[in-house]
Amino acid sequence: MANKLIVAPAPHVQSSQSTQSIMRDVLAALLPALAVSTWVFGWSVLLLTLLSVACCVLFEFLIQRFLVKGPCTVGNLSAAVTGVLLAFNLPVSIPWWIVAVGAFVAIAVAKMTFGGLGKNPFNPALVGRVFLLVAYPVQMTSFATDAFTGATPLAAMKYSPLFAGANLPDLFIGNVAGSMGEVAAAALLLGFLYLLWRRVITWHIPVVIFVSMALFAFFAALGRGWTGAALWEFPLFHLLAGGAMLGAIFMATDYSTSPMTVRGGVIYAAGIGALTMCIRLWGAYPEGMSFAILIMNAAVPLINKYVKPRRFGVRQRRAQG
Amino acid sequence: MSKFQLILSGIVRNNPTFVLVLGMCPTLGTTTSAVNGMGMGLATMAVLILSNIVISLIKNLIPDKVRIPAFIVVIASFVTIIQMLMQAFVPVLYAALGVFIPLIVVNCIILGRAEAFASKHGAFDAALDGLGIGLGFTLSLTVIGAVREVLGSGAIFGYPLHLTYLDAAGNELSYMPLTFVLAPGAFIVLGYLMVLFNKLAKK
Amino acid sequence: MVAVLFTITLITSAGVGVVNRITEEPIARAKAAAVVEALNKVLPPFETTVTDSLTIDGLPITVYTATDAAGDVAGYAVQTATKNGFSGMIRMMVGFAPDGEVVNIDVLEQNETPGLGTKMADEDNPLLGSIRGKRLETMRLVDGRLAVVKDGGDVDALTAATISSRAYCDAVNRAWMAYRSVATGTVPTDVASGATDAASGATAASGENADHADEASGAANRTPDSVADRRGRVGDRTDIRDREAGSRIVNRNAREADGFAADKEPGARKGDGNE
């Protein structure tokens, strides 16, 4: 036998991306936001983020080793990414044990119960965050620190009728009260650009979320009878304030919880944008991004069912409606 | 099967909550505490036993076509009776269970057992079946309620466990996640307990 | 087929009817006991009560004037409500001492956010702490009404529950208005809008005197062991009413259809032993 004929199934074209390398890129993209957040809120940010990562990794390891008794996938860094994203959704004054509870829910309930990476229908970090919001409402809505007293910009907009809109440059840089990772809009955008450059995500989902949110806010402003500068300041405020940037760039684009096709992704993103603005303007909570993403996560199987990718070589049937 | 096995099957092999997955509405809605869960289970058990007995006694008198309406009339009457008795003698539990008491009428367990068992067996057997299923339901609800109460309110059967701390502003805050006494917690606890029960019951 | 269904239904309805007859009295007693329990939480010790039903802002408000063993007014308990809660209706019982001091507040029904708004029902919550033991006139008022600190008043709001706190103040304001109208004869004005409903005062007045006749003869809302004091007290109530007959808007026939009011409000017509 001279040359063996190698027969293998698809895929035949390999890329250098592995789960681990993708996750490493995501972590790198999150570093600028981490840095700005530490500068704004102090060293607790670093400590809490590290704690969150450690808890997530530990829980995944323990469950895989003792409950599932399967291979340990901690090395693919997905738990670490969940840890960072979870921490970014929490206020800096959160007690450490709440972080641990959130990490447990995110990994054990949202991820491992469904079968691990790729099989979870809901974004684990967001499930953890929403669980904590319901479980510990006082601690999760206390954003007052030494630097910032009073409410976050979104809470002020919702509960104080005379709020005239926050300082947009402050929102862009991150000089406002809020969760650890959401305040630094500029840093998050940097991360977005990095992820685009490294081909980890495509631009569609985040951009469509921004566009749909901005349009919604624009029409809401029109509906309220505002004119002039307020018409573009209001949408810009909503894009920069709260978890919109963080959610749109890092959470909505999670592979296993977003649609398979680009077209499906656009529908998904438009839904997220619309739902976020609905909740922010008329709902019970000042921030709606986490709920919007989770709701659209639930809709993803439906989107995947009806938005099928085009198969090469198959002619489009005209009767398709 | 023996009479004892009849009762036991209602608790383990045919557990309405974890195996048959019937009566989910009161299961999720009333298990915010162990006492509420137990009260709901007992009320359902009372209706179940009584309606099983009566239906099995009159089963030969009812033409097949009007079987379901006849069962519903009997069940609804017993629910109304139980409701009035509860309102008169245990008003606190009555207020806690609220709208779920009249909802016992549409609890799938009751109509389901009437159809599947009471209409085909004698009165005594039907009563025992009602007792078994009712006990299974009560036990399940009590366990779910207890878990949710401990994890969510930090109390057990109404006795607070004082798992609280004081924050900087002097507010007394609980260590326990509130989620468990709310709707999400109900689903989560039910799901995990169902897994646990089925795993244990297989042995 | 029809005969069978008819027979079954007949027998079961008969059974239900029998049980209904048996449990009627205990149920009524339980309801009355619930009202008494709520009253006991917010008032100093008392013997008997007189009920007044008012409608303020379209909501049914009940004032229980409590008298002690000596026949003096022990306090006023007002069952008040607000629709402005975060998740809808909040009902509570506010107890005023004869001099206007707030004795206690008991939240009867609320659906607020757990952990945040639900704290208003807790023993020592900031809202109650700001109000209990004070005469409301001495607090910082905005437009003559109580308000949270954020809105210019001095009631401490609950952490992260501004809307619930505002609703709480709204309900207390309504209770205060009702208390003032019964205790001092002030015309009850709508708390939310501040408008006075003087037009219906004249028509209500003629109905009132007839109501008092019923009250004096039937004395349906007195407890059995207050027979001796009954006539004297009825006389007192009638005096106040007569004095203010022209300007008060005591909507005595306000029997709201809402279940929540009907259960807890024995009122002057039903004879279920309001204590």
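Residue numbers start from 1 in every chain, and the chains themselves are labelled A, B, ... in the order their sequence lines are given, proteins ahead of strands.
- By number of non-hydrogen pairs under 4.5 angstrom with chain B, the leading residue of A:V109, A:V130, A:V101 is A:V109.
- Taking the ring-ring contact (aromatic ring centres under 6.0 Å, His included) definition, one finds that A:F59 meets it with A:F104, sequence neighbours left out.
- Looking only at side-chain heavy atoms (C-beta outward), B:P184 and A:F131 stay at 4.5 Å or farther from each other.
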If you check both backbone and side chains, which donor-acceptor pairs between chain A and chain B fall under 3.5 Å?
unit_1	atom_1	unit_2	atom_2	d
A:T113	OG1	B:Y192	OH	2.6
A:F131	O	B:T179	OG1	3.3
A:A135	N	B:T179	OG1	3.4
A:A135	O	B:L178	N	3.1
A:Y136	OH	B:Y175	O	2.7
A:Q139	NE2	B:Y165	OH	2.7

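- A:V105 does not touch chain B: none of its heavy atoms, backbone or side chain, sits under 4.5 Å away.
- Scanning for ring-ring contact (aromatic ring centres under 6.0 Å, His included) contacts around A:F88 gives an empty result, with sequence neighbours left out.
- Here B:A201 pairs with B:V12, B:F197 under the side chain to side chain contact (heavy atoms under 4.5 Å, CB included) rule; sequence neighbours left out.
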